[in-house]
Number of protein chains: 2
Amino acid sequence: MAGPKNPPFLNGVPELLVLQCLRERPMYGYELVQAIRAATGEHVVLAEGVVYPVLHMLEREGALSTERQTVNGRSRIYYALTEQGGTRLADLADTWRQLTTVIAGVLGEPRHA
Amino acid sequence: MAGPKNPPFLNGVPELLVLQCLRERPMYGYELVQAIRAATGEHVVLAEGVVYPVLHMLEREGALSTERQTVNGRSRIYYALTEQGGTRLADLADTWRQLTTVIAGVLGEPRHA
DNA sequence: CCGTATACCTAGCTGTGCTAGGTATGGCAA
DNA sequence: TTGCCATACCTAGCACAGCTAGGTATACGG
């Protein structure tokens, strides 16, 4: 119940992290959940209920392609970045960088001009 | 109609910017809207419909104190950071910096280990 | 044989941010 | 004087993202 709870302002961040992780290599959902957890050093922990819907949405919009595989009798759905997904990632990352830079400026600016 | 539209992932950012601006000096709502617009170089443009509710919420929770003033027959409500508000800003800014640092790491990490 | 890990999924709540309005005064221009 | 714009406040209600909290099914170890 009393989980660590993610910070309350990560709008679009799940999508960003999913795309970025898939840029490295194709992965399946369950794997992604842990990859994100690991990549952010536990700072961002996305439950499956967050990741799967994002995956479905990105596939529906053509950013990801899927391939079913069965490993050890277990069915996995591997998601891979499409070309369109690459573009989407680039755009998203760009916007993110811009935003954080701007806010860092506001936060850092010590006093009035 | 066809406004520039803010990036879709600024959860909690309005609150952060409001608190930060008020750290410099007390301001009234209408002033804040323009202050934020200016401080972010038009990158973040919060409508009044965003700012006022945040202001009310922060006052309700004791992060801001208010003082009515009439200037040129116009009534203004100045909001000032309380001590509690200062703490809240510090915490929020900290969380924000942590999050952005972590994500920058994931984004920047060029290839596998 | 049962619990845990793996692996997938969805319904529904909540809260934030935004849209799109509404009120009222002051000042300027036509 | 009659608009209209800027100032200055406000709210109702929509949209959507993310989270909670479930559910299904198989493999594997004790």
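Chain identifiers are assigned alphabetically (A, B, ...) following the order of the sequence lines, protein sequences preceding nucleic acid strands; residue numbering begins at 1 within each chain.
Between B:Leu17 atom CG and C:dT16 atom P there is a gap of 16 Å when expressed in whole angstrom units. Rounded to whole angstrom, the span from the OH atom of B:Tyr52 across to the P atom of D:dC9 amounts to 4 Å. When the C1' atom of D:dG18 is taken as reference, atom CD of A:Glu15 falls 13 Å away, rounded to whole Å. Rounded to an integer number of Å, the gap from CZ of A:Arg60 to C1' of C:dC9 is 14 Å. Rounded to an integer number of Å, the gap from CG of A:Leu16 to C1' of D:dG18 is 15 Å. B:Arg76 has its CZ atom 17 Å from the P atom of C:dT25, to the nearest Å. Following rounding to the nearest Å, B:Leu92 (CG) and C:dT16 (C1') show an atom-to-atom distance of 14 Å. Following rounding to the nearest Å, B:Leu58 (CG) and C:dT16 (P) show an atom-to-atom distance of 11 Å.
With DNA chain C read from its 5' end, the first of the two nearest nucleotides for A:Ser75 and A:Pro53 is the one closest to A:Ser75.
A:Glu48 comes within 4.0 angstrom of a base, heavy atoms only. Among the protein residues, B:Gly49 comes within range of the nucleic acid bases, having at least one heavy atom under 4.0 Å from a base atom.
The side chain of B:Ile77 lies closest to D:dC10 when the candidates are D:dT20, D:dC10, C:dC18. Distance from the side chain of A:Pro14 is smallest to D:dG18 among D:dT20, D:dG18, C:dC8.
In this model, the phosphate group of C:dT6 is approached by a side-chain N or O of A:Tyr30 to a distance below 4.0 Å at OP1 or OP2. Considering only side-chain N and O atoms, A:His56 lies under 4.0 angstrom from the phosphate OP1 or OP2 of C:dT10.
Taken to the nearest 0.5 Å, the CE atom of A:Met57 stands 9.5 Å off from the CG atom of A:Leu55. Distance check, rounded to the nearest 0.5 Å: CG of A:Leu64 to CG of A:Leu19 gives 6.0 Å. Taken to the nearest 0.5 Å, the CG atom of A:Leu22 stands 12.0 Å off from the OH atom of A:Tyr78. A:Thr82 OG1 to A:Glu61 CD: the interatomic distance, rounded to the nearest 0.5 Å, is 11.0 Å. Note: A:Thr87 OG1 to A:Gln84 CD = 7.0 Å, rounded to the nearest 0.5 Å.
A tilted orientation is assigned to the rings of B:Trp96 and A:Trp96, their planes being inclined by 30° to 60°.
Axis angle between the ends of the helix from C:dC1-D:dG30 to C:dA30-D:dT1, five pairs each and rounded to 10 degrees, works out to 0°.
Using a 4.0 Å cut-off between charged side-chain N and carboxylate O, B:Arg76 and B:Glu31 make no salt bridge.
What you find for A:Leu46 and A:Val33 is that their closest heavy atoms are O-CG1, 3.4 Å.
A:Leu16 is listed as a side-chain neighbour of A:Leu89, based on a closest heavy-atom distance under 4.5 Å.
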Distances under 3.5 Å between protein N/O atoms and the N/O atoms of nucleotides 27-30 of chain D, please, pair by pair.
unit_1	atom_1	unit_2	atom_2	d
D:dA27	O4'	A:Arg74	NH2	2.9

Take A:Leu107 and B:Arg97 through the side chain to side chain contact (heavy atoms under 4.5 Å, CB included) test and state the conclusion after the steps. CA-CA 10 Å; A:Leu107 252 38; B:Arg97 269 185 278 259; 4.0 Å; yes

